[in-house]
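Below, all heavy atoms of this structure are taken into account, side chains as well, without hydrogens, waters or symmetry copies. FYI, the numbering just counts along the sequence from 1.
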Amino acid sequence: LEMCGRAAISYSAADIADACRAAGLPLPPNTPAPAEYRVGSKSCEDKTKHNPAGKRGVEAWPCVVKDGGALRLETQKFGIQRLATHCIWCDGGEWVERKNWREALEAGRLCAVAVTAFAEGITCRMEEDGGLFFLAAIYRGDHFVLLTTDACTTPLLRERALVQREHGAGGHRCPLYMDARAAARWLETPPNVGAALASVARLEAAIQSAAAVPRLVLGKAGTTPKKPGGGKKP
């Protein structure tokens, strides 16, 4: 993901619906599996064994969206190519002045990206490897962009981000991460800008709190948790 360019998902497309339900997201029992997804590059433009030409738009993730009143799963690509954008900086609220984002909010195109870890210089995951949680995003077509805030404002990443900022490095981000309950509430946001801004502010406040949930722990720098049969680091 765009912060440091890394995240992990430890579940296959065939297993992700059950994993979402186990985490507490109320997916209908007959929810079909999404299309197969492929992760494995630091960004959409990196050259990897899955993307030898460095082609943009090949990295895809399992996303939960609301469709016709019910939640469903779909595979979406990370980043909107024609906008050259992979994440939105939510600090201050100016982002909604961009036409593309306002249109997405007014159309209710919100999604929750399922992950088992993300990294901003250091891996952030639930205490149990493989614990599923979600990142807030908006989408256009079959591409999503993540919603992020300043990592220096979050207890999870503040210490590391402040040290890096003191040494002249900038742009440290933290995605708006959520547990299943918050993800379900995010997806219930009414399709208008005011409601979306209120939801984003609520998510920002949540991860800026010392009582932020889910409770994430920090792993080793540059690593992601491994689980048999799953998880590659993008």
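Classification of D91 and R173 as a salt-bridged pair holds, one side-chain N sitting under 4.0 Å from a carboxylate O. With salt bridges taken as basic N to acidic carboxylate O contacts below 4.0 Å, none links R109 and E103. Under 4.0 Å is where a charged nitrogen must lie from a carboxylate oxygen, and between R72 and E74 at least one such pair does.
Counting non-hydrogen atoms of neighbouring residues, nucleotides and ligands closer than 6.0 angstrom, the CZ atom of R181 reaches no more than 12 such neighbours. Atom CZ of R185 has 12 or fewer neighbouring heavy atoms from other residues, nucleotides or ligands inside a 6.0 Å radius.
Judged by distance alone, the side chains of T149 and E204 do bring a donor and an acceptor atom under 3.5 Å apart.
Put simply, the side chain of F133 reaches to within 4.5 Å of the side chain of M126, judged on heavy atoms. In this structure, the side chains of I16 and L73 come closer than 4.5 Å at one or more pairs of heavy atoms. Using a 4.5 Å cut-off on side-chain heavy atoms (C-beta onward), L105 and P191 make no contact. Contact annotation: the side chain of L162 approaches that of C152 to within less than 4.5 Å [non-hydrogen atoms, C-beta and beyond]. At a threshold of 4.5 Å between non-hydrogen side-chain atoms, the residues H143 and Q76 do not count as touching. The shortest side-chain heavy-atom distance between W61 and T75 does not fall under the 4.5 Å cut-off. At least one side-chain heavy atom of F118 sits under 4.5 Å from a side-chain heavy atom of Y177. At a threshold of 4.5 Å between non-hydrogen side-chain atoms, the residues L203 and M178 count as touching.
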Please evaluate residues L156 and C124 with respect to the criterion side-chain contact (heavy atoms from CB on, under 4.5 Å), reporting the C-alpha separation (whole Å), side-chain torsions for both, the decisive distance (0.1 Å), and the verdict. CA-CA 8 Å; L156 179 67; C124 305; 3.8 Å; yes
How far apart are the C-alpha atoms of R140 and N100, what are their side-chain angles, what is the distance that settles it, and do they pass the side-chain contact (heavy atoms from CB on, under 4.5 Å) test? CA-CA 9 Å; R140 291 176 59 89; N100 289 300; 3.6 Å; yes
Would you please test R160 and L157 for side-chain contact (heavy atoms from CB on, under 4.5 Å) and show each step? CA-CA 6 Å; R160 182 182 179 87; L157 296 172; 5.5 Å; no
Begin from the C-alpha positions of I207 and C174 and carry the test side-chain contact (heavy atoms from CB on, under 4.5 Å) through to its verdict. CA-CA 9 Å; I207 67 171; C174 182; 4.0 Å; yes
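A35 and A13 get closest at one heavy-atom pair: O-CB, 4.0 Å. Across F134 and A180, no two heavy atoms sit closer than the pair CE1-CA, 3.8 Å. In terms of heavy atoms, V64 sits closest to C20 at CG2-SG, 4.3 Å. For the residue pair L25 and A183, the shortest heavy atom distance occurs at CD1-CB, 4.1 Å. Shown here for D150 and H172, the closest heavy-atom pair between the two residues is OD1-O, 3.7 Å. The minimum heavy-atom distance linking Y139 with L110 is given by the pair CE2-O, 3.5 Å.
Between the CD atom of E159 and the CG atom of L218 there is a distance of 9.0 Å, given to the nearest 0.5 Å. Distance check: E128 CD to T116 OG1 gives 11.0 Å after rounding to the nearest 0.5 Å. Residue I138 holds its CD1 atom at 3.5 Å from CD1 of I88, rounded to the nearest 0.5 Å. To the nearest 0.5 Å, the span separating SG on C87 from CD1 on I80 amounts to 11.5 Å. Atom OG of S10 sits about 11.0 Å away from atom CG of D15, to the nearest 0.5 Å. For the atom pair T31 OG1 and R21 CZ, the distance stands at 5.5 Å (nearest 0.5 Å).
Checked against the 6.0 Å centroid criterion, the rings of F78 and F144 qualify as a close aromatic pair.
Put simply, the residue from L132, I9, V115 that forms a side chain to side chain contact (heavy atoms under 4.5 Å, CB included) with P62 is I9.
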